[in-house]
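For reference, the structure is listed below as structure tokens.
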Amino acid sequence: MNPELEQILSRAQTLYEDVDYKAVAEWKSYAPGRRAIGYLPIYVPRELIHAAGMLPVGIFGGGDRLEIIRGDAYFQSYICHIPRSTVELALSGRLDVLDGMLFPSICDVIRNLSGMWTMLFPGRYVRYVDLPQNYDARVGGEFWRRELTAIREDMARLAGGQITDRNLRNSIRIYNQNRRAIRELYQARSEAPWLYPIAQVYAVLRAGSVLPPEEHTTMVRRYLEMASQESTLPEDRSRVVLTGMFCEQPPLALLITLERAGCWIVDDDLLLGLRWFTGEVPEEGDAIENLAQAYLTQSVPTASCYAPDGQRGRWLVDAVRQNRADGVIFCAPSFCDPALLEQPMLVAALEREHIPHTQFKYSEDTGQFAVIREQAGTFSDSIRLWSEA
Amino acid sequence: MSGDAVKASTVQKEQSMVLQKQLIGDYYDSLGRAREEGKRVVSTFVPGNLTELLRSFDLLPILPEINALQSGMRKLSANYIAEAEKHGHSEDVCTYVKCDIGMLKSGNIGPTGVKLPSPDLLLLSYTGCFTFLKWFELLREEYQCPVAMLHVPYLANGRIEPHHVDYVVKQLRTEVIPKLEQVSGQRYDEARLSEMLALSAKAEDDFVWVLESAKNEPSPIDAYFGGVYYIGPIFTAFRGTSEGVEYYRVLREEIAERIRLGLGPVTPEGTMERQRYRLVVEGPPNWTSFREFWKMFYDEGAVVVASSYTKVGGLYDRGFRHDPNRPLESLAEYCLGCYTNLGLPARVDLLERYIREYRADGFMINSVKSCNSFSVGQLLMLRQLEQRTGVPGGFIESDLVDPRYFSSANIKNRIESYLQMLEQRRTAVVTA
Ligand code: SF4
Ligand code: SF4
């Protein structure tokens, strides 16, 4: 492996394993007065944090790298895992490095977690970010512009300064570059998945939750360039789209298991908030208006957002077609309402198009993969036969 | 108390029960006849329901949550849930949704045996629960009918702000009303809506009086198990109707009489005479073993004096009333203020107030597996309430309409030991 590639991957892996957010502390230590704001899945306007000179930090739970000591005492057994590890991270002091937290409206778990935060950590900055479910510019758009403006004011206050329009436009440009780089990475992987194994792609992508966007864009671009030059030979495996993993993240070992079971992952909804917009946010003009419009018209379709046109599942069929996938693996966290309530509609959409699929559930700390491996292996074999027939 | 007095109160009690039974029976019958009578029907949810608005267009509401809980009480839900799971619905998700979809897949025969019409519109009042969104998206696929989406912003800090109201009113004007006009073929008639809202406010006054009667000792009502009957008409299809007003008038009179006679609540086991514990309850009840669940409290002399479940369709006891002078604004405020749309700190504040104002000996949380909206954070709420009030809390787990999650022995045990603990505490305080 090219030494630079090795270096990039090693850095990404270190960041992935770092449940103490050392990278964030390090970033803060470079200059006095630096601040960092945490956010939960799925989408928050990171541009507003960045424009205030602060670091947006994605909190995606503790995965299989964190022992839960106190977190379980706050949640009944039938609630997904991410709030447990998130509370654990906070109670163990690991999130002390953050100067505030944003909880977007993805589901009732994260919604209620925002209230828990207020009670558990009085005095710390907490904001529930209510994303509009009405996409009319004069209605939902107006509501969202107001929310964005309020968040902008909060961020400026926390940073102890102003967010100028110029700064905000600059941040939009920087995040456009970041999302563009990620889109290119996804595109490249779809074309030659053997060059971009999931473990690498995931770690590189995940680094975007703790690195400043400028640095992350460089990392993604360097990785793309280096990985594309590797001489790995194409291997015949089934091409699958993974879906259901937009919030609580699967352990990396699970993703690797899928690949080892004979699948190339050609598209997925992992860390969806990092590449929320399907296109560019305009960089000129009224920045708040541009962010609001982008949310209304360019958001990726996903379970937590209302689909007014009744085309639930259309996007998944499109993703299969565009990526020339042979099938879909539904892979959702146990007890994840959005993903699991959505699933029957997605299944129906696939079945209308005769697209094969299989499904299983996971928890971020799942440690046993034998069953998943077998299931994915059988699925992969069957769809390969099917597509050859 | 004389035998006559007991008899009189029982007769009066029966009057409101008979009235309610009749209301519900007539309602399901009218749904059954809707097609032949050319009436249009709209499915919607209890929290943030816009009953008066629907009725002002002569539209009939169908409430899938109520169908589900009724199916639970009539022991039909287990089969419906199994049916939905057979169709690929996860065992992990809300059982109301599965019960509803299972009922639909089994022929859509409503809880009273009358076939329910397919809705002409799904009014998705997205208030206080994320699942609502997915539920109606699922139903849209089944019925292939239009949806009117009403996004009610969450009150993370417990306060209604002008821009919240503005957002909801705008959606009423641009999304909900146009779709109701389309489905009903009638124009929006604000004067008619206002008349209905005036009736709502009247019933709401009596309803609040009923809830607050539990401040008496002994309490003449049970504000949880009995409460679910009292909320019936006002949370569902009868707000804004003269039948609704009449029901609450009769109910209020009955309860005034019970107070005068010093009687406890009517329960399926008879009048509750011995009230050893006054409790506040958080969380919805279990419906599949509703009577058994109630009896567990009854047997121990535990009466519920206030509950959060009776606030899912509005916090009338904190002063909210539908206002005929501000029709759409007050509908918006109504939607915003429903209990599960409040941030957790506001929920804790409310329960704390109940514990104090109703002089409760303790509080109990019934945590239901189905409902993340209610359940996430309840263990922290328990601790916070204990700290703030010095009153220990009890915690039980069950489900709404999936009988697999009602473990009778376990729940009974928990209730008994919790109440014993309250008793010991009481003795300790007295002897100290
Ligand atoms: S995993 Fe699913 S249910 Fe859990 S917090 Fe995330 S979106 Fe909500
Ligand atoms: S999750 Fe709770 S509030 Fe939502 S539909 Fe189910 S029971 Fe009702």
Side-chain angles (χ1 to χ4, degrees), chain A residues 73-80 83 87 103 105-120 126-130 132-134 136 138-140 142-143 146-147 150 303-308 310 312-313 332 334-345 347-348 359 361, chain B residues 84 87-94 97 101 124 126 128-131 133-135 137-138 140-141 144 146-147 149-151 153-154 156-157 163-164 166-167 170-171 173-175 340 342-348 367 369-381 383-384 397 399 405:
Chain A
Y74 289 88
F75 299 97
Q76 300 89 320
S77 55
Y78 48 79
I79 291 166
C80 59
V87 163
F103 294 81
S105 55
I106 175 171
C107 71
D108 292 335
V109 176
I110 289 191
R111 184 196 76 174
N112 287 13
L113 191 59
S114 72
M116 292 177 69
W117 224 260
T118 310
M119 295 193 284
L120 280 169
V126 178
R127 187 179 178 100
Y128 178 70
V129 179
D130 215 344
Q133 297 283 8
N134 172 297
D136 180 334
R138 294 157 307 159
V139 185
E142 172 65 31
F143 173 77
R146 205 194 166 281
E147 284 284 306
S304 59
C305 301
Y306 175 59
R312 209 83 248 194
S334 294
F335 305 109
C336 176
D337 278 356
L340 294 169
L341 285 161
E342 172 95 338
Q343 205 162 291
M345 291 182 272
V347 165
Q359 63 193 63
K361 293 187 288 187
Chain B
H87 281 85
H89 293 267
S90 167
E91 66 199 56
D92 290 357
V93 302
C94 173
V97 181
I101 288 180
L124 205 180
Y126 179 64
C129 164
F130 177 83
T131 299
L133 176 66
K134 307 314 294 178
W135 189 345
E137 284 183 343
L138 285 160
R140 176 174 60 190
E141 303 244 319
Q144 299 290 329
V147 178
M149 168 65 165
L150 177 67
H151 174 205
Y154 182 60
N157 60 15
H163 74 278
H164 294 140
D166 188 48
Y167 178 37
K170 269 196 194 139
Q171 293 177 78
R173 289 196 193 282
T174 60
E175 165 82 1
T340 46
L342 304 182
L344 249 52
R347 282 171 57 184
V348 172
S367 172
K369 173 183 178 286
S370 274
C371 188
N372 278 346
S373 175
F374 254 109
S375 304
V376 174
Q378 280 176 328
L379 286 159
L380 179 61
M381 289 170 75
R383 292 184 202 185
Q384 293 264 323
E397 291 182 284
D399 188 47
Y405 301 102

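Lettering of chains follows the sequences in order, A, B, ..., and the numbering in each one begins at 1.
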| field | Residue part contacting chain B, namely of S334(A), when any heavy atom lies under 4.5 Å | value |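 Interface part for S334(A): both.
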
| task | With a 4.5 angstrom heavy-atom cut-off, could you sort out which part of R146(A) is near chain B: side chain, backbone, both or neither? | result |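 Contact with chain B involves the side chain of R146(A) alone.
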
Looking at side-chain heavy atoms only, is the closest gap between [X] and [Y] below 4.5 Å?
X       : Y       : answer
P344(A) : L138(B) : yes
M119(A) : R383(B) : no
I79(A)  : N372(B) : yes

Has the side chain of [X] got a donor or acceptor atom that lies under 3.5 Å from a matching backbone atom of [Y]?
X       : Y       : answer
D108(A) : C129(B) : no
N112(A) : S373(B) : yes
D130(A) : P153(B) : no
Q76(A)  : S375(B) : yes

I'd like to know which of [options] tops the heavy-atom pair count under 4.5 Å against chain B.
options                           : value
C107(A), P338(A), A348(A)         : P338(A)
C336(A), A332(A), S304(A), S77(A) : S304(A)
N134(A), L120(A), V347(A)         : N134(A)
A73(A), P83(A), S105(A)           : A73(A)

| request: Apply side-chain contact (heavy atoms from CB on, under 4.5 Å) to Y306(A) and list each qualifying residue two or more places apart in sequence or on a separate chain. | output: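 For Y306(A), the residues satisfying side-chain contact (heavy atoms from CB on, under 4.5 Å) (neighbours in sequence not counted) are Q133(A), Y135(A), P308(A), L124(B), L133(B), E137(B), R140(B), V147(B), M149(B).
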
| query | With sequence neighbours left out, what residues match S90(B) under side-chain contact (heavy atoms from CB on, under 4.5 Å)? | reply |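 side-chain contact (heavy atoms from CB on, under 4.5 Å) check on S90(B) returns L340(A), K361(A), D92(B), V93(B).
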
| message | Using 30° and 60° as the class boundaries, would you call the ring planes of H164(B) and F143(A) parallel, tilted or perpendicular? | response |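 Tilted.
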
When rounded to the nearest 0.5 angstrom, what distance separates [atom1] in [X] from [atom2] in [Y]?
X       : Y       : atom1 : atom2 : value
W117(A) : L380(B) : CH2   : CG    : 11.5 Å
T174(B) : D136(A) : OG1   : CG    : 5.5 Å
K134(B) : M345(A) : NZ    : CE    : 4.5 Å
F335(A) : K369(B) : CZ    : NZ    : 6.0 Å
L341(A) : F130(B) : CG    : CZ    : 7.5 Å

| Part of Q384(B) within contact of chain A (heavy atom distance under 4.5 Å) |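 The side chain, not the backbone.
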
